[in-house]
Amino acid sequence: WASDQNVKMGFIVKKPEQAWFINEQRAATEMGEQMGFTVVRLAGEDGQQVLSAIDNLHSQGAQGFIICPPDVRLGPAILNRAKQYGMKVLTVDDQFVGADGKPMTEVPHLGMSGYKIGRQVGDAIAAEMQARGWNPEDVAALRISNNELPTARERTDGATDALLENGFDPDHIFDAPQQNTDTSSAFAAASPVFAKHGNFKHWVIYALNEESVLGGVRASEQYGLSADQVIGVGINGSGAAFAEFSRQQPTGFYGTIAVSSTMHGRQTAENLYNWITKGEKPPANTETSGTLMTRDNWQQVRQDLGL
Amino acid sequence: MTQEKTGMLQSPEGRRGLPKPIRALLDTSGLIAVFILLFIGLSVLVPDFFTGRNIVGLLLSVTLIGTIATTMMMVLALGEVDLSVASIVAFAGVVAAVVTSTSGSVLVGVLVGVAAGGAVGAFNGFVVARFGVNSLIATLAAMEFVRGLAYITSGGDAVMITVPGFFDLGTLSFLGLTLPVWTMIACFVIFGVMLNFTAFGRNVLATGGNAEAASLAGVNVRRLRITVFALQGIVAGVAGVLLTSRMGLGDPNTSQGLELAVISACVLGGVSLSGGVASITGVLVGVLIMGCVQNAMGLLNVPTFYQYLVRGAILLLAVMFDRWKQSRRSRA
Amino acid sequence: MTQEKTGMLQSPEGRRGLPKPIRALLDTSGLIAVFILLFIGLSVLVPDFFTGRNIVGLLLSVTLIGTIATTMMMVLALGEVDLSVASIVAFAGVVAAVVTSTSGSVLVGVLVGVAAGGAVGAFNGFVVARFGVNSLIATLAAMEFVRGLAYITSGGDAVMITVPGFFDLGTLSFLGLTLPVWTMIACFVIFGVMLNFTAFGRNVLATGGNAEAASLAGVNVRRLRITVFALQGIVAGVAGVLLTSRMGLGDPNTSQGLELAVISACVLGGVSLSGGVASITGVLVGVLIMGCVQNAMGLLNVPTFYQYLVRGAILLLAVMFDRWKQSRRSRA
Amino acid sequence: MTSPYLVVEGVTVEFPGVRALDNVSFSARAGGVHALMGENGAGKSTLLKVLSGVNRVSAGALHIDGERCVFANAREALARGIAIIYQELTLSPNLSVAENLLLGQLPERHGFVDRRRLREKALAVLEDLGEGSINPATKVRELSIGQQQMIEIGRALLRNARIIAFDEPTSSLSVQETRQLKRIVARLRDEGRVVLYVTHRMEEVFEMCDAVTVFRDGKHISTHESLEDVTHDTLVSEMVGRDIEDIYGYRTREQGNVLMRLEGINGPGVSAPVSFEVRRGEVLGLFGLVGAGRSELMRMVCGVETPREGQLHFDGRACRFATPGQAIRAGIAMCPEDRKSQGIFPVASVADNLNISCRRFFKRFGWLRDPKRESANARHYIDKLSIRTPGPRTRIGTLSGGNQQKVILSRWLAEKIELFVMDEPTRGIDVGARREIYALLYDLAERGKGVVVISSDLAEVSAICDRIGVMRDGELVDIVPRDEATPERLLGLALPA
Ligand SMILES: Nc1ncnc2c1ncn2[C@@H]1O[C@H](COP(=O)(O)OP(=O)(O)OP(=O)(O)O)[C@@H](O)[C@H]1O
Ligand SMILES: Nc1ncnc2c1ncn2[C@@H]1O[C@H](COP(=O)(O)OP(=O)(O)OP(=O)(O)O)[C@@H](O)[C@H]1O
Ligand SMILES: [Mg+2]
Ligand SMILES: [Mg+2]
């Protein structure tokens, strides 16, 4: 095993500008400072960049890396490269998929299942609908979709399935395909849906992240829907949600499924360190889950999850 | 301005029979005709398209592109291009959010946000005018740099705004239209007037048509360039601040790819990329065509993948139709 | 233009003291000097930079941009621009993956993928040459359209390749360099020779310098345009297929924003956006500067946000340095 | 005698590799027209650009009304009362005539352009220019070159400057427009302004000017304060440094069989079917006023434009050219009238400009070009036509107009061309170079080629051509043999009936 002193590992993420991944990388770095190893933070926004990043790590003499791949099917190519250099690989958030279309279990993974998180969104919405006593006849769902991104599809599919299982009318679910994953593109996508279906009293809104749900909520306000007519539930637990919760007046953004990126970063870094130094291969698949964060409990949850 | 142009054309032999306004319309601008046909077509064919609330929503959804397209028109008329607008939108929005939250004053936040946009624009103009750096490459550099600044300012995460007054900006409404829409309308009016009725605007067109000639005729080309880029920065800054207030958060990731959408709206509206030719009605029509198509696709529930095809095809067809009109006209 | 004029004053008395080769180097190409200084600087200052494995990695990381930059240079020399390359890369890759998987033959898959790229390029050329549509807008439309085609072909999801032979393409290695690197080298040689040592290349430059004059001098401008765009499509197609084979899957989302990176590498390398001026060494240096900076930032562990700043600043400084050299030279 | 208003003192201007002006001194008086003459590249335009603040001097200075002036840019020169009508058009094509006229000084009211005053001022000056028929709202790009030149002049008049300089203003003006220009120049002189007048046309100097300064190779050669004791020949010999007796130097020659025959050709720009023939060894002139359709007619012959009807016979065969390339392969080449926009590739080298077509003869392995032989070829023509350039690799954009024209001519001399169509071959070209170009044309004819010369210069067509076709309003009205071609007859045919 490599000696403890010069352990160096990479942390490659697919979207280096997103709060989620920034947190993850930062948590891993802090872990490294505590335990005495170096974490190199890199971006891999597409396959090309990932491979360059691995080459780069190899040049720096890193012994392994943690990666959230831009595409899960890059797994074989990435693993190949890593083996070539004798580097150890852990995946975080998104698990590699092999040529057979099944998850690659030989690479230890830690993350949440997009589909399951999506289900949590659907369940949260259903519960809140019940709590508010809405008649399912009057409720429509705005599904802000992004079919170009497989993870987005998993999440929205999960939410849709959970809603349907809770008795939601499938004919009341309307798609708003967005071009980007930010607020304004969600807003633009949602507008025509509200314009077209003015006959519903209540709306539920879900999407792949908080920003997009927020865009939908803003569009609903534009069409005169008030906060108590809308339930929007996001995913992540980032600044966008905190911004919304810290407003004086409640809005249609009811809550979000917060996931601890900090925990992901710390845990994977520690796992990889142990693997490198002690040869302990981490468990094949560690699934984490999210916590529903609402206006009432957001500060507490934020603290608990270390966001 | 459009009327003026019609006046210059020797009336061609053909289509004498048509009533004068229609003839003039077809002659001056094929694109307006395209738009009107498109609009009528959509109103008839797409359910819910021609309803008050959809039109309001449509207007709101084009505010960002529309507002920035007015100054992009000036930049293109000057024979330059600005790729940094999307980054400026993000940066100004983030700055406004941060400053508002720390200072507690909406006014200060808005002013600093807009000023940040203006500063980036002026810097672009300075680099282009003073060092003669190609504007495409200068603003490409600015696009990267300023996006980086936006991330650094915000720490990478969306910035929340603690002062409630800030949200009112985006929702303030008058005659049924909100402030962002009014801002867009104001920009169209201001820059339309500026382009056509002020010496400044005419000098911009002259410089775009032949910079050397303008400089020889005593136009201060350098100052003109800096001013136009600064205006572009200010307007992008305003758009960014309004977006932030409308969305309730300063998002450093916002509006990626906006620059290409804005430029295509302008070019669709007949603005020449080589400078010297621009019309505010053209830009308006370009923005509206793009907005209507996007909106109608949403109403018709066109699958995302096909939306790409439709957008590409519409852009190509509109420009080809315009070329065809022009060659017809010049042949007549 | 303004610089050119102000530049024409003093006498050539400067830097007589320097040894001749260095003087010549500085005089002919500021950018090569920038690159050499940068390279030496990085080798000295950045640990692990100047090691065999890092240089191989660096070369591999610029293959995509480098390969496509060679034909983009031809397109820019022609006075046109092609924004659709990134979409072509994605489309060709997806098509190759799908066809290989369904036909079971690597050769067929590769050929069809490259042909798909060539077809898009030829179509772009046709629209530009036949209808006189501005190439920026024509290829912007193609960029949307072809990206849509890529999504539709793949069903939105990355396409896995089931034929193992396909992967060998990307990893096949000779003299320590893999096929993608050799392809890039081959493109630089082919298009360098084409630009400088064939009538075709000189006609491209002439057309870019003055299309009307070229046409009057007997150059078949229309055919030239179509050919150059088709070449661009083919090369982007080849790059896309190699990328797919290297990644092991055809991803319709890949390479977004690549077109701007390629164009900036070219412009950094002294290719004029107004056409008629291009140099293959310049493009090579432009590509390498961008690659080295990116690589060194990775080695130095520069935080992502600051990478934006550095990229923007490098681009701007390099172009400004080049302008400064040029005005110095014309003054001498 | 008044003291000189403008004094140029020891002015030197340098460009990379060229000293365009070398210690030039002379002075010009108010209330006089001062001609500046010299061969192409002698430095006349450079001097005017010093006056207008575009070119900066590396030594020397200007004194205006006794005050020493150094201009950093065009604005400062304008403010000091200097207006220049440049050789190259400096208009913004998509702006209106009125706006171009008043560019840089648009009238404003409350911050807006005062459209009424703009129109009034424009109308007044257009009237003054004798171009009252132009609508001030027309876009400049829709005007003919001659009209654009008049707009350029109008812009200078509107500056109300004390010093007005014209750089070859008549090279693209029609007969009437030239007459109008002469009236304007005379009036400016009578108003007591300093008029500098650059021209290659000798007759204009004697008709309009009071004094003349001659340059050669950037050096001041002589200044004649009065034209009384100056003759045509002295000026020519001062300009070229040797004596030239007759610049046209017509030579008679044998004519061969018919090379090209047009039968009822009609199409864009032509209003009635045109038929004529050109023989080998013949120089055929095409005269007409600007806009008579001569260029359009020959563009159809050269494959640039497709004729609507009619038949072209070339070298005994019926031909139809879809592109200029096909015409060139068949043996017909055209030197276009607008060198800058149709002839040269400004950023490319002299060698590239020259070899653009003929490099197909210098191929290696069937497809590689041969830079050595191309460069040798370029040197050959640079020597043969005495093209003044630092070398074959110089950018052609920096050469003077005459030398650019010679490069374009060389382009076709190096090809296998049987019929040369020369559209205004000597526009803006000095006497020495003109003589050389005429000699080249005779040379070509003597070698059995056919030559068609389109020219608006009456003296030129009647002196160098064997037959002269006259066009009017898109119609070929007559073809006049050389010995019957008096200027009166040609002009009579060309002017509207
Ligand atoms: N921008 C420039 N860069 C380099 N050389 C130049 C430039 N402008 C002019 N020259 C050179 O300066 C010399 C003088 O040119 P100028 O244009 O003044 O000649 P001219 O007397 O006006 O000739 P013409 O009768 O052809 O107009 C020429 O040798 C020309 O090549
Ligand atoms: N692009 C065009 N579109 C419409 N009309 C044109 C165009 N080009 C030329 N014309 C018209 O065709 C006629 C012939 O023009 P042209 O200038 O070629 O005549 P010309 O006899 O060759 O004169 P010169 O060569 O002296 O300028 C004119 O009436 C002109 O206005
Ligand atoms: Mg001159
Ligand atoms: Mg003509």
Side-chain angles (χ1 to χ4, degrees), chain A residues 8 10-18 21-22 25-26 29 38-62 69-81 84-85 97-101 145-150 152-153 179-180, chain C residues 46-49 51-65 89-90 93 147 150-151 154-162 164 167 170-171 180 243-258 291 294-305 307-308:
Chain A
K8 200 177 213 179
F11 204 116
I12 306 172
V13 299
K14 63 180 179 185
K15 286 270 161 63
E17 296 88 13
Q18 280 183 1
F21 295 109
I22 294 165
Q25 288 186 326
R26 190 176 46 220
T29 312
T38 319
V39 176
V40 181
R41 308 183 211 174
L42 288 166
E45 295 181 56
D46 58 32
Q48 160 77 35
Q49 259 192 31
V50 170
L51 296 190
S52 304
I54 298 172
D55 295 343
N56 202 314
L57 284 171
H58 174 59
S59 306
Q60 300 188 47
D71 194 300
V72 292
R73 287 152 218 253
L74 285 170
I78 294 172
L79 189 61
N80 222 349
R81 191 58 140 255
Q84 198 181 324
Y85 293 146
V97 168
D100 50 3
S145 56
N146 196 325
N147 289 337
E148 293 93 303
L149 293 177
R153 213 158 51 194
Q179 284 174 50
N180 237 328
Chain C
V46 180
D48 308 309
F49 180 80
T51 58
R53 55 195 202 174
N54 188 50
I55 297 298
V56 170
L58 194 162
L59 278 181
L60 201 53
S61 75
V62 296
T63 50
L64 194 59
I65 291 184
V89 166
R147 183 69 71 176
Y151 285 128
S154 66
D157 222 349
V159 181
M160 299 293 292
I161 296 156
T162 44
F167 303 111
T171 46
L243 183 69
T244 294
S245 117
R246 217 142 56 88
M247 298 305 146
L249 80 170
D251 179 1
N253 266 310
T254 195
S255 307
Q256 311 238 18
L258 177 73
Q294 191 62 42
N295 179 282
M297 287 196 297
L299 290 176
L300 288 173
N301 218 343
V302 175
T304 329
F305 300 161
Q307 293 200 9
Y308 281 85

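Side-chain atoms are counted along with the backbone in the values below, which use heavy atoms only and exclude waters and symmetry mates. Every chain is numbered from 1 and lettered A, B, ... according to where its sequence line falls, protein lines coming before strand lines. Small disclaimer: the values here were computed from a predicted structure and weren't measured.
- Arg41(A) contributes atom CZ, which lies 11.5 Å from atom CD of Gln307(C) (distance to the nearest 0.5 angstrom).
- Using a 4.5 Å cut-off between heavy atoms, Ile22(A) touches chain C through its side chain atoms alone.
- Taking chain A as the reference chain and counting heavy-atom pairs below 4.5 Å, the highest number among Leu60(C), Thr51(C), Val159(C) is found for Leu60(C).
- Looking only at heavy-atom pairs under 4.5 Å with chain C, the residue among Arg153(A), Gln25(A), Gln60(A) that has the most is Gln60(A).
- Of the two parts of Asn253(C), only the side chain, counted from C-beta on, holds a non-hydrogen atom closer than 4.5 Å to a non-hydrogen atom of chain A.
- In this structure, chain A has no heavy atom under 4.5 Å from any part of Phe49(C).
- Distance CD1/Ile161(C) to CZ/Arg73(A): 11.5 Å, rounded to 0.5 Å.
- Contacts between Leu249(C) and chain A at a heavy-atom distance below 4.5 Å involve the side chain alone, from C-beta outward.
- Residue contact with chain C, scored on non-hydrogen atoms closer than 4.5 Å, involves the backbone and the side chain of Asn56(A) alike.
- Contact detail for Asn54(C) and Ser59(A): the closest heavy-atom pair is OD1-OG, 3.2 Å.
- Residue contact with chain C, scored on non-hydrogen atoms closer than 4.5 Å, is absent for Val50(A).
- Interatomic distance, Leu42(A) CG to Met297(C) CE, rounded to the nearest 0.5 Å: 11.0 Å.
- For Leu51(A), the part lying under 4.5 angstrom from a heavy atom of chain C is the side chain only.
- Interface residue Leu243(C): only side-chain heavy atoms are found under 4.5 Å from chain A.
- Counting only distance, with no hydrogens or angles, the side chain of Glu45(A) and the backbone of Gln256(C) share no donor-acceptor pair below 3.5 Å.
- Contact annotation for Asp251(C): only side-chain heavy atoms (C-beta onward) come within less than 4.5 Å of a heavy atom of chain A.
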